[in-house]
Amino acid sequence: MDINKPNASQGVVSPSLLAEHPLAHLVIPFEKVDYARRGVHFEARVEPAQVVLAAALMEQEGFALDAVTGVDWPQDNQMEIVYDFFHPMMGWRTAVRTRVRRDLPEVPSIEHIYPGANWHEREAWEFFGIHFSGHPQLTPLLLPDDADYHPLRKDFAVA
Amino acid sequence: MKSAREFWKGCLSLWAGMRVTLREFFKPPVTEQYPYEAPVIPPRFRGHIELVRDPKTGEAICFACKACEKACPSDCIVVEGEKKPGAKRKSVTVFKLDFTKCSLCGSCIEACKSGAIRFSKDYNLAGFTKEDFIMDLFKRLEEEARQQAANEHAVSPAVPPPAETAGTVKTPDVVVVEVEGQGR
Amino acid sequence: MNLPEPIRLVAFLVGLMAFVGFNAAYLVWAERKGSGRFQRRLGPTEVGFAGLLQPIADSIKLLTKQLLVPPTVDGLLFRAAPLLVIIPAMVSLAVIPFSENLVARDLHLGLLVVFSFGSIHVLAVMLAGWASRNKYAIISAARVVSQNVAYEIPMLLVVITILMTTNTTSLSEIVQKQAGPFWHWNIFRLDQNPLAPVTFLVFYICMLAETNRAPFDMAEAESELVAGAITEYSGMGFGVFFIGEYANVLVGCALATLLFLGGWQSPIGVLPGAFWFLLKMYVLIFAVMWVRWTFPRTQFYTLLNLSWKVLIPISLGTLVLTAITLKLF
Amino acid sequence: MTPAEAIEAARRAGNETFILNLGPQHPATHGVLRIKLTMDGEYILRAEPVAGYIHRMHEKMGENRTWAQYLPNTSRIDYLSAMTYTHAYVAAVERAAGIEVPRRAEFIRVITSELNRISSHLVWFGAFLLDLGGFTPLLYAFDDREKILDMLEAITGSRLTYCYYRFGGVYNDVDDAFLGAARDFVPYMRERLKMYETLVTENLILRKRLEGIGPISKKMCHKYGATGPVMRGSGIAYDVRRMEPYSVYPELEFDIPHYPEGDCMARYRVRMEEMAQSLRIIEQAVAMIPAGPFQTPGVPKSLKPPAGDYCFAVEAARGRLMVRIVSDGKEMPYRVRWRTPSFCNITLFEEASRGMMLADALALLGSLDLVIPDIDR
């Protein structure tokens, strides 16, 4: 398969390969999800410690990082972090979710695998307070430098 | 020698580029001379919202149901109404629009079932203070009604532009737009 | 009108000052109207008929603006730089023959005077850049020096070719040698210099680069170095640099007309010489503006490569070729 | 490392460096982006973009507005291709709430999005050449863009922040005048693209200025997640309209221009050809648009999509735009996450511009086609 001539550049719907599960051989279980309903082909729920392994597997499969999203769930006292990946050649979409304790949100950083995640993680840190251990420069990115508040937390009082 | 031929082809491309600009040099300008030529405003243009007058009764259609107030994402509409004796429905008395926060999304016009408000065609609003843009549309509607009444039985053709009430900002143009022929 | 020598000289100098001042102002107007026409818009139209009073309005604005000198600046150099931009242009204009007898001082070594003062312009821009202690200005000062040094050499080589064909350095004699029908102009004299048009082109490109204009405006690269060497200047300091730039373009185009297009020689021999000289000069100035509004800026090292690897070999080649042809015929 | 360490390291290395602040007010950053350049003479040792000067927290605004009230925000994140941003949000909510969109509305969305893409590329074309020093093409490009804006203003009412799409269709219908104008615009624009070809693309100075400058490898695109013309300039023919087809794009004939070199010239050529492809799409869409309703009736005013999280990806002018919405069944979104293309494209600037000269770094910055509110949100 020519590396930069993906099979889908002439209008054929790319994920036709969904018949057999292309990510089945990975050690982390990815179950298939109805793309038309959720917008993602495969989803995996992992422990915070396995995030780096998942990212490494994704990188090995040729996925590119799409986004790192934080979601605050105060009712079950947890914070959820969703890593989105997309495959530039095959058009697949995967999401890796993990949940961490709300009072001490701690997740290993995947910055050494995907340097692009540097800014994503900095943003998640300044908006939610999720600490990405191993991140070279966890300083505020978009908020003023001396910002100590985390606006996207549900308990952040909107003026 | 390849680079020499390439360099020569490059010089030809420079000359081709110069020919293009020279051709453009002799074409007429495309710019619109704003103060002298008024821009053409399409019918669906979104100026600030204004109240619609019911053709039959001459009063504002709006009966202060506050649907638009709830629909507005930036809370810039404040509507007050009171029930006149004898009338079966309320009628609007105050319709304050804070145009500094309005993002012209049209949610209020969509929410209004009786079509009582619409987009106006004002494109050149100017004011010196923020308060100029807090408009009371109902007072302005009455102002226009009184102005029109004055026009009906006014004899003199030359009609000054509608006089400004304190609150509204509809300052006349710096250069009155409908002036034909006063170009260079 | 043979007034006594000093009064004639003073009259000429005052005339030249007025000429440069008038030209600097109305070349700015011509550039803004010209760029407007190139870009299918009008250019200034409000002040006076078709914006004719715009330059006057600009100069009044510049004059009344406060010329503030930042404290961290090297005071002496900062104030000296604008003067150094104007002086070379004025002096070289004094030597240029506008027509048969319309020349301030027809020096025998006119050509050398022009080129010796021409190099002071580089010093001025560098001083401005260095003295204003501003990072952008320092970068632009470094660029100006290497750019002008690179383009001084091919220009002089071309001038030497002209010297060989006309074997005189007096500008009016060069023009007299080009008398007669227009194929006597140096640009068409293929019998002496088979590559004459190419030499003219090389001279023209070098003139563009010398005055930091058009595709080579490295010093005042507004989209990179904000305003380059003159970032810290305001009011008339900035105004003087502006006048200096246009005066240098004036001198460059005048030189090109004298050396190649036969100065005040008229192709059809009817109107006075000065008219033809000014006409040719303004055609060349129009070409400078035309080039400016068509091309993007070159890279800095492409600019230097262009000079060292292309223009200098070409000018050397024409020099040798002219020598051979002169020797043989 | 902090600037102090950078200077210390450089001083130990014997050369004297200085920190040059490119922005936040600088002609070449086209917006309030600041790049701290540690320079050694004219060469850049390290470029560190600093964002946040125009950060308005669109994601928090999403959480205290109803689904419909958030629509005006969507066209203000990247005001140059506002249609595609509203399209992403509206389609994500339609996917969540399971709303059907009539075919006519889908075609209207494709036509307006492609027109918006061309107008966005024209702004990029003008601004990019302005950075390189050529002033005139900017005005030609804005003259063409004016025609597109007048067309879109005639049907939507505004010129830049349209807010034209609604859940289940569009705000009001498209009349024949608009379709006629779009049909005539295509040949006119092809003529103009030919003119830009001779005036700019083949220009020797521009080619010398762009070829081989700012090489971005495929690996870098993968690592940083740079998409759109940046990725297509590095040889990967990735386009969301083909890889995750949405709306009526599968029925339309168009191909994805991509160049393997990965330098500024490749990205320039990709965008110029993308304009030609968009013209092809508009031509086909105007021919194929069916009659029929332009909005699905019966979409509830206060929408409450079922709980869960949904995402939708769209090909914006600058690259892949993904919206992830989390709903908890109430009438206000629980979380709205915008994965904007410029946010990912800027992250590779630090590595791509190391060791370049200042003028080339600006050419690279221009070829990334950044819109600063797209980075800051």
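Values reported hereafter were calculated over all heavy atoms of this structure, with side chains retained and with hydrogens, waters and symmetry mates removed. In what follows, chains are A, B, ... by sequence order, proteins preceding strands, each numbered from 1.
Between A/G91 and D/E244, the shortest heavy-atom distance links the atoms O-CG, 4.0 Å. When all heavy atoms of A/R93 and D/C311 are compared, the pair lying nearest together is NH2-SG, 3.2 Å.
Counting only heavy atoms from C-beta outward, the side chains of D/Y310 and A/R37 approach each other to under 4.5 Å. Counting heavy atoms from C-beta on, the side chains of D/T347 and A/P115 never come closer than 4.5 Å.
Contacts of D/P306 with chain A are made by side-chain atoms alone, with heavy-atom separations under 4.5 Å and no backbone atom involved. Heavy-atom distances place no part of A/E111 under 4.5 Å from chain D, backbone and side chain included. For D/L348, no part lies under 4.5 angstrom from a heavy atom of chain A. For chain A, the nearby part of D/A96 is the backbone; its heavy atoms alone come within less than 4.5 Å. At a 4.5 Å heavy-atom cutoff, D/S234 makes no contact with chain A through either its backbone or its side chain. In this structure, no portion of D/D239 lies under 4.5 Å from any heavy atom of chain A. Heavy-atom distances place the side chain of D/C344, and not its backbone, under 4.5 Å from chain A. With a 4.5 Å cut-off on non-hydrogen atoms, D/D309 touches chain A through its backbone and its side chain both. Both the backbone and the side chain of D/Y334 come within less than 4.5 Å of a heavy atom in chain A. When heavy atoms are compared at a cutoff of 4.5 Å, D/M57 approaches chain A solely by way of its side chain, counted from C-beta outward. Contact annotation for D/R377: only side-chain heavy atoms (C-beta onward) come within less than 4.5 Å of a heavy atom of chain A.
A salt bridge does not link D/R335 with A/E80: every distance from a Lys NZ or Arg NE/NH1/NH2 to an Asp or Glu carboxylate oxygen is 4.0 Å or more. Contact check on A/D66 versus D/R324 returns no salt bridge, with no Lys/Arg side-chain nitrogen under 4.0 Å from an Asp/Glu carboxylate oxygen. Remark: D/E63 does not engage A/R153 in a salt bridge, criterion side-chain N to carboxylate O under 4.0 Å.
Considering CZ of A/R38 and CZ of D/R95, their distance stands at 10.5 Å, rounded to 0.5 Å. Expressed to the nearest 0.5 Å, how far CG of A/N118 lies from NZ of D/K223 amounts to 12.0 Å. Annotation: the span from A/F127 atom CZ to D/K60 atom NZ amounts to 10.5 Å, rounded to 0.5 Å. For the atom pair CH2 of A/W73 and CG of D/D328, the computed distance is 6.5 Å after rounding to the nearest 0.5 Å. To the nearest 0.5 angstrom, D/H55 atom NE2 is 5.0 Å from A/L142 atom CG.
More than 12 heavy atoms of other residues, nucleotides or ligands lie within 6.0 Å of CD in A/E31, so this atom counts as buried by the packing criterion. By the 6.0 Å contact criterion, NZ on D/K330 is open, its count of non-hydrogen atoms from other residues, nucleotides or ligands being 12 or less.
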Apply the test side-chain contact (heavy atoms from CB on, under 4.5 Å) to residues D/I346 and A/W119: give CA-CA distance (whole Å), side-chain angles for both, the deciding distance (0.1 Å), then the verdict. CA-CA 10 Å; D/I346 183 89; A/W119 273 32; 3.5 Å; yes
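Heavy-atom pairs under 4.5 Å with chain D peak, among A/P136, A/P140, A/G62, at A/G62. Ranked by heavy-atom pairs under 4.5 Å with chain D, the first of A/I113, A/L143, A/L141 is A/L141. When the candidates A/E123, A/Q137, A/H87, A/E59 are compared by the number of heavy-atom contacts under 4.5 Å with chain D, A/E123 comes out ahead. Between chain D and the options A/D84, A/V68, A/D72, heavy-atom pairs under 4.5 Å are most frequent for A/D84. Heavy-atom pairs under 4.5 Å with chain A were tallied for D/E59, D/R339, D/E351; the largest tally goes to D/R339.
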